[in-house]
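These notes concern the structure reproduced below.
First the proteins, then the strands, lettered A, B, ... as listed; each starts at 1. Just so it is clear, the model here is predicted, and its values are computed rather than measured.
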Amino acid sequence: MARSKPGSGLPFEKPIAEALERLAKLRAKHEDGKLDLSEEIAAAELDAQRVTREVFDSLTAIDRVKLARHPDRPLVADYVKAMAEDVVELHGDRGCADDPAILTALCRIGTHRVMVIGHRKGADVKEKMVCRFGMPNPEGYRKAMLKMRLAERFGLPIICLVDTPGAYPGIGAEERGQAWAIAENIQNMTGLRVPVVVAVVGEGGSGGALGIGIGDRVLVMENAYYSVITPEGCAAILWKNADAESTAEAATQLKLTAEHLLRLGIVDEIVSEPLGGAHRDRAAAAGSLSAAICRALDELTRVPTDVLLEHRYQKFRSIGRHLMETTTASVPGV
Amino acid sequence: MAWPFRRKREMPEGLWKVCSGCDKYVYKQQIEEALNCCPECGEHFPLSGYPRIDVTADPDSFDEIASDVISKDVLGFVDGKGPYAKKLKKTRAKSRASDACVVGRARIDGVATILGALDFSFMGGSMGYAVGEKVAIALETALAEELPCVIFSASGGARMHEGALSLMQMAKTSAAVHRFKERGRWPFISVLTHPTTGGVTASFSALGDITLAEPKALIGFAGPRVIENTIRQELPEGFQRSEFLMEKGYIDRIVPRNEMRETLSKLFTLLLPIS
């Protein structure tokens with residue numbers, strides 16, 4: 001169940017880890033066969049659930065950000081592996097490079113043949129370095145657009161899985177037009193003549209996320225976040241201090257959690273995660289995401305293309321309008 | 001006792017200014033006559049929204065639209081210095097403008113156009129709801145009225161105080177550019193001025209049919225400090241300046257301010273449909 005190794009969890013997960021450890025010990029003893037501990041195990045299971053629920057009921061915004069970055073959290077590549085069949089990964093931007101920070105693959109999800117585009121953070125240290133921790137270079141965005149055009153040509157829906165701290169801020173990235181690459185993607189995605197479903201599965205880091213983030217349906221996983229800037233970046237600028245306290249405050253102020261995003265109309269749907277977060281039960285998390293994607297595709301593939309495009313335009317054209325044009329200064333509950 | 005050369009430098013307050021480009025004392029009146037550029041070295045000083053319109057549009061031709069579009073503090077955002085709502089109110093009171101962008105109908109060398117300018121003096125020209133909405137309205141109006149659209153950018157990027165809503169302005173404005181290009185035959189001319197970075201560069205500003213830049217403007221996605229902190233080394237001289245970006249292939253032309261109207265006019269005659 002829990003893939004967490006001892007010590008790899010977050011500080012606020014400690015009570016959960018302890019409850020799970022008690023449960024594991026009881027199970028081990030029970031399996032020794034000397035004692036029947038079924039009753040104790042059932043009680044410990046309930047206890048672990050209770051403790052987890054308690055912890056998750058009182059999560060702060062920065063806790064959610066930490067969950068989105070959890071070292072054990074499933075990554076885009078994990079979701080693709082769990083959700084998709086007949087996966088054929090494709091490489092290269094036909095311009096200058098193949099950016100491993102963007103994964104592009106033809107595959108099947110449920111009954112749908114699709115093109116999956118996603119950020120790749122990297123599974124181990126070596127891969128993380130190569131992928132710059134999921135921060136794409138311009139060629140990554142161009143690779144994504146090239147594969148989206150391919151999908152469009154063959155009438156395949158596009159699934160974008162977002163998990164990035166942001167686009168890579170480097171000399172080479174600027175030299176090769178990071179801003180232009182992202183802008184072109186945003187512009188061209190608004191005109192793709194196939195359904196596009198976006199799911200923020202971890203970090204939705206600013207323009208780096210939006211560069212593959214325009215779709216007919218935007219989903220967000222329960223413990224993912226989507227923000228205009230990282231809490232650290234925001235704290236450094238507006239609090240002149242990126243310490244833990246200012247960063248936590250910035251996270252709160254940015255209203256970046258799934259629930260806030262839904263209320264603000266930034267996302268259309270929250271994809272629920274297993275109790276304790278996606279890393280506690282990866283299969284359940286992938287199942288939940290896959291079901292939400294398939295539901296969206298079942299609906300979107302029936303919509304005539306012109307209607308789809310008009311809806312997509314209006315969706316992004318009108319975001320925030322209902323909030324800005326109301327007379328109350330701020331939205332209750334936001 | 002005053003030194004003889006000291007006396008020479010006792011200039012009447014307010015008439016002179018030291019140029020940030022060449023360190024020379026220059027007459028403010030001469031700066032103004034040179035469209036807010038240094039008459040000695042040509043350094044381009046910043047222009048806020050309305051002054052930018054003044055030096056670009058034909059006299060008395062500007063008719064503002066969407067002036068009632070404003071941003072609100074919908075998140076109830078409070079930073080280290082206080083509430084965003086208060087900051088907005090204060091900035092509006094200080095500025096002639098209601099937010100960091102002004103758009104309207106104008107003529108440039110007699111040609112009817114939709115003209116817009118971002119205002120760096122208003123919260124760093126940051127793009128929140130109001131800026132995004134005005135840019136989208138500018139493009140939609142240009143499309144509906146069959147006019148070219150010219151937008152001058154000057155911005156630090158998205159307005160953090162509006163959270164993900166400001167991020168979505170990148171989507172909104174880029175979608176508007178897409179529609180403008182797809183449905184019309186009129187050009188969108190994007191003019192990048194000092195500085196244009198972040199979410200503004202990575203959306204409508206980068207999407208001009210023609211992209212112009214003022215000389216030596218800082219233009220990029222990530223700010224220089226962010227890059228320095230990431231790669232932990234100093235950036236090369238001239239990095240992310242207009243000249244650098246033209247060399248890399250991202251800008252069509254660098255146009256000094258005193259040639260801007262003439263250049264736009266020429267582009268109109270070359271690109272607008274012949275009636």
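Heavy-atom distances place the side chain of B/P236, and not its backbone, under 4.5 Å from chain A. Looking at A/S206, both its backbone and its side chain come within 4.5 Å of chain B, counting heavy atoms on both sides. The contact between B/T201 and chain A is made by backbone and side chain atoms together, counting heavy-atom distances below 4.5 Å. Looking at B/F244, only its side chain comes within 4.5 Å of chain A, counting heavy atoms on both sides. The contact between B/L165 and chain A is made by backbone and side chain atoms together, counting heavy-atom distances below 4.5 Å. When heavy atoms are compared at a cutoff of 4.5 Å, B/Q233 approaches chain A solely by way of its side chain, counted from C-beta outward. When heavy atoms are compared at a cutoff of 4.5 Å, B/F239 approaches chain A solely by way of its side chain, counted from C-beta outward. Residue contact with chain B, scored on non-hydrogen atoms closer than 4.5 Å, involves the backbone and the side chain of A/Y226 alike.
The closest donor-acceptor contact from the side chain of A/D99 to the backbone of A/E139 lies at 3.5 Å or more, if one exists at all. With hydrogens and angles ignored, the 3.5 Å screen pairs a side-chain donor or acceptor of A/D243 with a backbone N or O of A/S246. Judged by distance alone, the side chain of B/Y250 and the main-chain N or O of A/R176 form a donor-acceptor pair under 3.5 Å. Of the possible polar contacts, none joining the B/K172 side chain to the B/A136 backbone as a donor-acceptor pair under 3.5 Å is found. In terms of modelled atom types and a separation under 3.5 Å, the side chain of A/T190 and the main chain of A/Q187 share a donor-acceptor contact. B/S95 places no side-chain N or O within donor-acceptor distance of the main-chain N or O of B/R92, the cut-off being under 3.5 Å. Here the side chain of B/T230 pairs a donor or acceptor atom with the backbone of B/V226 at under 3.5 angstrom. At distances below 3.5 Å, at least one donor-acceptor pair connects side-chain atoms of A/Q253 with backbone N or O atoms of B/V78. A donor-acceptor pair under 3.5 Å is formed between the side chain of B/K72 and the backbone N or O of A/M324. No donor-acceptor distance shorter than 3.5 angstrom exists from the side chain of B/S98 to the backbone of B/I70, with no hydrogens or angles considered.
By number of non-hydrogen pairs under 4.5 angstrom with chain B, the leading residue of A/R317, A/E249, A/R312 is A/R317. Interface remark: of the candidates B/A202, B/G220, B/G80, B/A202 forms the most heavy-atom pairs closer than 4.5 Å to chain A. When each of B/L207, B/I231, B/N229 is checked for heavy-atom pairs under 4.5 Å with chain A, B/L207 comes out on top. Counting heavy-atom pairs closer than 4.5 Å to chain A, the top residue among B/S203, B/G132, B/G223 is B/S203. The choice from B/A171, B/S71, B/S166 that makes the most heavy-atom pairs within less than 4.5 Å of chain A is B/A171. Looking only at heavy-atom pairs under 4.5 Å with chain A, the residue among B/E228, B/M170, B/E247 that has the most is B/M170. In terms of non-hydrogen atom pairs under 4.5 Å with chain B, the most contact-rich of A/E184, A/E175, A/Q178, A/K240 is A/E175. Between chain B and the residues A/I319, A/L309, A/N241, A/V228, the largest count of heavy-atom pairs under 4.5 Å involves A/V228.
Counting heavy atoms of neighbouring residues, nucleotides and ligands inside a 6.0 Å radius, atom CZ of A/R149 exceeds 12 of them. At most 12 non-hydrogen atoms from other residues, nucleotides or ligands lie less than 6.0 angstrom from CD of A/E259. Around NZ of B/K89, the count of heavy atoms belonging to other residues, nucleotides or ligands within 6.0 Å does not exceed 12. Heavy-atom contacts from other residues, nucleotides or ligands closer than 6.0 Å to NZ of B/K216 number 12 or fewer. The local environment of CD in A/Q314 is crowded, with over 12 non-hydrogen atoms from other residues, nucleotides or ligands closer than 6.0 Å.
Within residues 147-161 of chain B, the residues having any heavy atom under 4.5 Å from a heavy atom of chain A are, by residue number, B/A158, B/M160, B/H161. Listed by sequence position, A/I229, A/C234, A/I237, A/L238, A/W239 are the residues of residues 229-239 of chain A in contact with chain B, using a 4.5 angstrom heavy-atom cutoff. Taking non-hydrogen atoms and a 4.5 Å limit, the residue list of residues 161-172 of chain A in contact with chain B, ordered by number, reads A/A167, A/Y168, A/P169, A/G170, A/I171. Of all residues in residues 174-182 of chain B, those placing a non-hydrogen atom less than 4.5 angstrom from a non-hydrogen atom of chain A are B/S174, B/A175, B/A176, B/V177, B/H178, B/R179, B/K181.
No option in A/R64, A/K66, A/K121 other than A/K121 meets the salt bridge (charged side-chain N to carboxylate O under 4.0 Å, His left out) test with A/E203.
Residues B/E146 and B/R185 form no side-chain contact, since every pair of their non-hydrogen atoms from C-beta on lies 4.5 Å or further apart. Contact annotation: the side chain of A/L264 never approaches that of B/M168 to less than 4.5 Å [non-hydrogen atoms, C-beta and beyond]. Contact annotation: the side chain of A/H119 approaches that of A/I212 to within less than 4.5 Å [non-hydrogen atoms, C-beta and beyond].
For the residue pair B/Y84/B/E162, the side-chain donor-acceptor check at 3.5 Å is satisfied.
The pair B/D68-B/K134 does not meet the salt-bridge criterion, since no charged nitrogen lies less than 4.0 angstrom from a carboxylate oxygen. Under a 4.0 Å N-O distance rule, the pair B/D73/B/K87 does not qualify as a salt bridge. With respect to the salt-bridge test (charged N to carboxylate O, under 4.0 angstrom), the residues A/D268 and A/K315 qualify.
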* Dump the intermediate steps for salt bridge (charged side-chain N to carboxylate O under 4.0 Å, His left out) on B/R96 and B/E64, then the final yes or no. => CA-CA 13 Å; B/R96 277 173 64 196; B/E64 187 170 357; over 6 Å; no
